[in-house]
Student: 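Take this structure, written in structure tokens, and hold onto it; I'll ask about it next.
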Number of protein chains: 2
Amino acid sequence: MANIYQVAKLAKVSTATVSAVVNNQDVVEAKTRKRVLAAIKQLHYQPNLYASNLARGRTRLLGLVVSDIANPFFGELAHVIQQEALARGYEVLLATTDFSSKRLIASLKQMIGMRAAGVAIMTSEMQKQALELLRSHHAPAVFEDVGTADRHISNLRIDYEGGILKAVRYLVDLGHRNILFVKTYPVGDERGINFFSIRQRFEAFQAAIKSFKALGVSPQIVTYGGPGPLAGLGAIRKALSQSRFTAAVAIADPPALGILRGLREAGLSVPRDVSVIGFDNTYLCEYLNPPLTSVNIPRALVGHLVVETLLRMIENNEPGRELHVETELIVRESTAPPPNKRANRGTRRHS
Amino acid sequence: MANIYQVAKLAKVSTATVSAVVNNQDVVEAKTRKRVLAAIKQLHYQPNLYASNLARGRTRLLGLVVSDIANPFFGELAHVIQQEALARGYEVLLATTDFSSKRLIASLKQMIGMRAAGVAIMTSEMQKQALELLRSHHAPAVFEDVGTADRHISNLRIDYEGGILKAVRYLVDLGHRNILFVKTYPVGDERGINFFSIRQRFEAFQAAIKSFKALGVSPQIVTYGGPGPLAGLGAIRKALSQSRFTAAVAIADPPALGILRGLREAGLSVPRDVSVIGFDNTYLCEYLNPPLTSVNIPRALVGHLVVETLLRMIENNEPGRELHVETELIVRESTAPPPNKRANRGTRRHS
DNA sequence: CTGAAAGCGCTAACAC
DNA sequence: GTGTTAGCGCTTTCAG
């Protein structure tokens with residue numbers, strides 16, 4: 001593969017000139033430039049990125065690591081972040097962990113190895129080790145829910161708690177008293193992972209229920225592991241056989257898919273018999289049958305904040321800061337008052 | 001950031017030794033190795049990938065470019081390809097084009113710049129330019145439906161035609177005669193793109209219809225641009241106002257979402273009033289209401305073939321070859337015989 | 001406006 | 001086993 005010397009020789013200039021042309025440094029005479037361009041085309045020259053990054057000593061590369069690209073939420077988020085970064089002249093390197101902390105560490109190492117100018121970690125699994133890794137390299141980073149910001153690390157806090165509270169309150173206002181929290185979780189390949197966002201949503205649910213205790217609201221919990229929709233299905237089957245509830249709150253939209261299906265196969269109608277609320281408000285929600293009520297996380301805002309913050313840290317050497325994003329409940333047709341006369345139930349009616 | 005010299009100095013060895021340790025070349029005495037490891041840890045040394053790739057002169061990097069990660073099909077495909085590559089000791093660099101041929105070219109250039117050992121292009125937009133680019137660099141590649149294989153390029157052919165034929169035949173066997181093809185397309189940022197897979201599916205539909213002409217089967221076509229589900233919704237609204245059909249075939253699953261919703265909002269029931277068939281058999285299908293009949297493309301097989309073929313070209317210098325993958329119809333609950341007594345219709349019944 | 005040349009950090013002969 | 005050293009291909013002063 002042609003290199004810069006061959007181009008220089010063919011164009012009868014020095015490598016410095018070729019470099020200037022390639023990088024659009026506006027200091028080359030039009031005539032020379034044209035000659036160089038011709039040589040480049042003729043040799044199909046494509047600069048070696050390793051050599052140029054090595055020589056340059058810095059990159060315009062942002063790392064983004066997410067848990068699971070199969071969840072549309074992450075897909076949409078990755079998309080806006082990429083757009084935003086591109087517009088600012090940065091490339092983004094996307095890595096997926098599949099909820100494995102090993103892969104998280106590996107991805108981070110790769111990004112450090114590629115000397116990414118900044119890194120955004122939007123995973124639900126967390127590891128102290130990941131934090132330390134980044135910290136020891138002084139790589140600007142934004143973590144979701146890492147605790148607190150410091151010199152090189154910004155902390156993005158999404159108001160899961162408020163979102164859950166709004167969801168529960170809405171159900172309570174509709175008249176629901178037996179509310180099920182469907183706590184699904186991915187099955188990673190090792191233990192010791194802190195599925196932070198899951199725990200957080202769960203605790204938020206407990207807190208929300210508690211605040212309505214006086215109204216006689218009682219929580220039901222069902223736990224089930226597996227990939228999104230399947231876990232939701234498994235969970236709801238389990239719940240139907242052991243709990244009584246008139247509403248279910250899912251931890252994310254994909255599990256809600258499974259919940260809807262499980263309810264349907266049990267002969268129950270949504271929202272007539274059971275109300276269902278999802279989380280993340282992915283684009284799927286409005287195309288489901290019935291359209292799914294869900295808690296929205298403003299992806300565009302999150303994406304913008306992440307990139308903006310990263311670039312401020314990178315380019316202006318600003319310290320890490322606290323980012324705060326609100327959530328809201330988007331009401332659709334999967335929620336309604338609980339069945340009127342019927343007693344609460346959780347198993348198939350044999351009517 | 002610490003470099004290899006500092007590690008070498010601290011460990012009182014040469015850089016060659018550090019390099020050997022880092023790359024697990026089993027030629028270093030345990031004692032020395034331990035010293036080096038300690039130094040690495042102490043300095044938080046992380047090798048500079050640019051330097052090492054530059055020096056090495058080759059990479060274990062596979063490029064993968066897809067159109068749209070928001071379509072779960074591509075997400076799943078990317079996932080299996082990544083798994084497969086990882087297992088063979090390769091990293092994969094994922095790029096998304098958003099159906100823009102500009103971005104296709106840009107992604108390809110980046111991959112060439114990173115000297116990817118091989119590249120897989122699984123996009124529906126195609127450009128001669130992309131082909132030429134790869135060809136001029138002798139980078140092993142596998143294209144979907146590029147035409148024919150040559151020395152450095154393998155051609156993956158997915159039997160869309162057979163899939164569509166199976167779908168149409170199934171509908172015809174059920175008794176449908178007025179079948180709508182919902183031809184949605186992404187709105188890219190420029191013209192001149194060949195949405196190959198779309199055209200192909202469309203032509204396959206026309207051919208299928210033709211083969212049943214004797215039975216009185218007549219095709220309806222509706223065209224609409226936009227992002228998947230939205231395009232499906234727009235298309236079906238348009239179709240309802242102008243055509244008569246008892247079954248609809250979508251070009252992919254996401255548009256089918258929109259179709260289901262559009263039918264519902266028109267007061268039509270699936271499959272009682274209209275049957276619907278999707279394409280790609282993404283995981284969504286079985287969670288929809290009703291579960292969606294769809295044409296399956298065996299992602300695992302495709303992923304395996306792609307990686308296997310690429311590696312053979314890379315490592316054994318084998319020439320490009322023809323890959324062939326079959327499709328099959330997965331029947332679920334969105335298809336049924338057409339309404340019995342009622343005349344064919346396409347507008348809301350005012351009964 | 002263009003050229004010469006010193007690195008960037010690492011790898012891989014080759015020598016010891 | 002381990003050290004020396006010549007590149008890998010590009011960028012970037014600094015001269016001219």
Side-chain angles (χ1 to χ4, degrees), chain A residues 1-40 43-61 109-117 137 139, chain B residues 1-40 43-61 109-117 137 139:
Chain A
M1 190 156 304
N3 65 25
I4 200 171
Y5 288 101
Q6 305 173 22
V7 175
K9 179 188 280 186
L10 180 60
K12 297 191 193 305
V13 297
S14 76
T15 61
T17 304
V18 177
S19 178
V21 170
V22 166
N23 296 294
N24 292 313
Q25 290 174 212
D26 209 16
V27 289
V28 183
E29 208 178 341
K31 197 167 291 184
T32 322
R33 177 190 200 71
K34 186 166 288 181
R35 261 205 339 276
V36 172
L37 255 15
I40 287 178
L43 297 175
H44 299 292
Y45 170 67
Q46 201 65 241
N48 183 318
L49 256 31
Y50 301 112
S52 77
N53 279 317
L54 176 59
R56 230 190 290 267
R58 66 196 151 66
T59 65
R60 293 179 74 82
L61 217 202
K109 284 193 173 164
Q110 203 206 3
M111 287 170 178
I112 292 171
M114 294 187 67
R115 301 296 185 261
H137 285 276
Chain B
M1 191 155 302
N3 65 25
I4 201 171
Y5 289 103
Q6 304 173 21
V7 174
K9 180 189 277 185
L10 181 59
K12 296 189 193 308
V13 297
S14 75
T15 61
T17 304
V18 176
S19 178
V21 170
V22 167
N23 296 294
N24 292 313
Q25 290 174 211
D26 211 15
V27 288
V28 184
E29 209 179 338
K31 197 166 290 183
T32 322
R33 176 190 200 72
K34 186 167 286 180
R35 258 202 345 273
V36 173
L37 255 14
I40 287 177
L43 296 176
H44 298 292
Y45 171 67
Q46 201 66 241
N48 183 318
L49 256 32
Y50 301 113
S52 79
N53 279 318
L54 178 58
R56 229 190 291 266
R58 62 193 156 66
T59 64
R60 292 180 74 82
L61 217 202
K109 283 192 174 162
Q110 203 206 2
M111 287 171 179
I112 292 171
M114 295 187 68
R115 302 298 186 260
H137 284 277

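Here is the naming used below: chain letters follow the sequence lines, and residue numbers restart at 1 for every chain.
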Student: Using the C1' atoms of five pairs at each end, what's the angle between the two axes of the helix from dC1(C)-dG16(D) to dC16(C)-dG1(D), to 10 degrees?
Tutor: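 Roughly 30°, once rounded to the nearest ten degrees.
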
Student: So, for A11(A) and A39(A), which heavy atoms are closest and what is the spacing to 0.1 Å?
Tutor: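 Scanning both residues completely, I find the closest heavy atoms to be CB-CB, 3.9 Å.
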
Student: Report yes or no: does N53(B) contribute a side-chain atom to a donor-acceptor pair with the main-chain N or O of R56(B) at less than 3.5 Å?
Tutor: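 Here the side-chain-to-backbone pair does not exist.
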
Student: Look at all strands and tell whether R58(A) reaches a base, only sugar-phosphate, or nothing, counting heavy atoms closer than 4.0 Å.
Tutor: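 Sugar-phosphate contact only - R58(A) comes under 4.0 Å of backbone atoms but never of a base.
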
Student: When you match V27(A) and A20(B) each to their closest nucleotide on DNA chain C, which lands nearer the 5' end?
Tutor: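 By nearest-heavy-atom nucleotide position, the 5'-most residue is V27(A).
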
Student: For S19(B) and for T15(A), locate the closest nucleotide of DNA chain C by heavy-atom distance; then report the residue assigned to the nucleotide nearer the 5' terminus.
Tutor: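 In this pair, the answer is T15(A).
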
Student: Has Y50(B) got a side-chain atom pairing as donor or acceptor with M114(A)'s backbone, closer than 3.5 angstrom?
Tutor: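 Confirmed, Y50(B) side chain pairs with M114(A) backbone.
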
Student: Going from CD1 on I112(B) to NE2 on H137(B), what distance comes out if it is rounded to the nearest 0.5 angstrom?
Tutor: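 Interatomic distance, I112(B) CD1 to H137(B) NE2, rounded to 0.5 Å: 4.0 Å.
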
Student: I need the minimum non-hydrogen distance between V13(B) and V36(B), along with the two atoms involved.
Tutor: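 Nearest pair, atom of V13(B) first, then V36(B): CG2-CG2, 4.0 Å.
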
Student: Please check: side-chain N/O of N23(A) versus main-chain N/O of Q25(A), any donor-acceptor pairing under 3.5 Å?
Tutor: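 Here the side-chain-to-backbone pair does not exist.
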
Student: What is the distance from atom CG of L49(B) to atom CG of L61(B), rounded to the nearest 0.5 Å?
Tutor: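 Output value for this atom pair is 9.0 Å.
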
Student: Considering heavy-atom distances to DNA chain D, does T32(B) or R56(B) have its closest nucleotide positioned more toward the 5' end?
Tutor: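 It is T32(B), whose closest nucleotide lies nearer the 5' terminus.
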
Student: Using a heavy-atom cut-off of 4.0 Å across all strands, would you classify Y5(A) as base, sugar-phosphate, or nothing?
Tutor: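 If one applies the 4.0 Å heavy-atom cut-off, Y5(A) turns out to touch a base.
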
Student: Between K12(B) and R35(B), which heavy-atom pair has the shortest distance, and what is it?
Tutor: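 Smallest heavy-atom distance, with atoms named: O-NH2, 3.5 Å.
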
Student: For a quick test of reading the model, state the closest non-hydrogen atom pair linking R33(A) to N24(A) and the distance between them.
Tutor: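 Scanning both residues completely, I find the closest heavy atoms to be NH2-OD1, 3.5 Å.
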
Student: Under 4.0 Å from a heavy atom of chain A: give me the 5'-most and 3'-most nucleotides of DNA chain D that qualify.
Tutor: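 Going 5' to 3' along DNA chain D, contacts run dG9(D) to dT12(D).
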
Student: How would you give the extent of chain B contacts on DNA chain C, as first and last nucleotide 5' to 3' within a 4.0 Å heavy-atom cut-off?
Tutor: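 Nucleotide range in contact with chain B: dG9(C) to dA12(C).
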
Student: Select base, sugar-phosphate, or nothing to describe what N23(A) touches, counting heavy atoms under 4.0 Å on all strands.
Tutor: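 Sugar-phosphate: the residue N23(A), judged by heavy atoms under 4.0 Å, touches backbone atoms but no base.
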
Student: Nearest 0.5 Å please: distance from the CG atom of N48(A) over to the CG atom of N3(A).
Tutor: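 Here the rounded value is 9.5 Å.
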
Student: Look at all strands and tell whether K12(A) reaches a base, only sugar-phosphate, or nothing, counting heavy atoms closer than 4.0 Å.
Tutor: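 Sugar-phosphate contact only - K12(A) comes under 4.0 Å of backbone atoms but never of a base.
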
Student: In terms of the nearest nucleotide of DNA chain D, which residue is placed more toward the 5' end: T17(A) or A16(B)?
Tutor: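 On the 5' side of the pair lies A16(B).
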
Student: Mind checking if R115(A) touches a base, just sugar-phosphate, or nothing, with heavy atoms under 4.0 Å?
Tutor: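 The answer is nothing, as R115(A) stays clear of every strand by at least 4.0 Å.
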
Student: For the backbone of I4(A) and the side chain of T15(A), can you confirm whether one donor and one acceptor N or O come within less than 3.5 Å of each other?
Tutor: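 Not confirmed, T15(A) side chain does not pair with I4(A) backbone.
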
Student: Need one value for V28(B): base, sugar-phosphate or nothing, where a base atom within 4.0 Å counts as base even if backbone is also close, heavy atoms only.
Tutor: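 Contact class for V28(B): sugar-phosphate only.
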
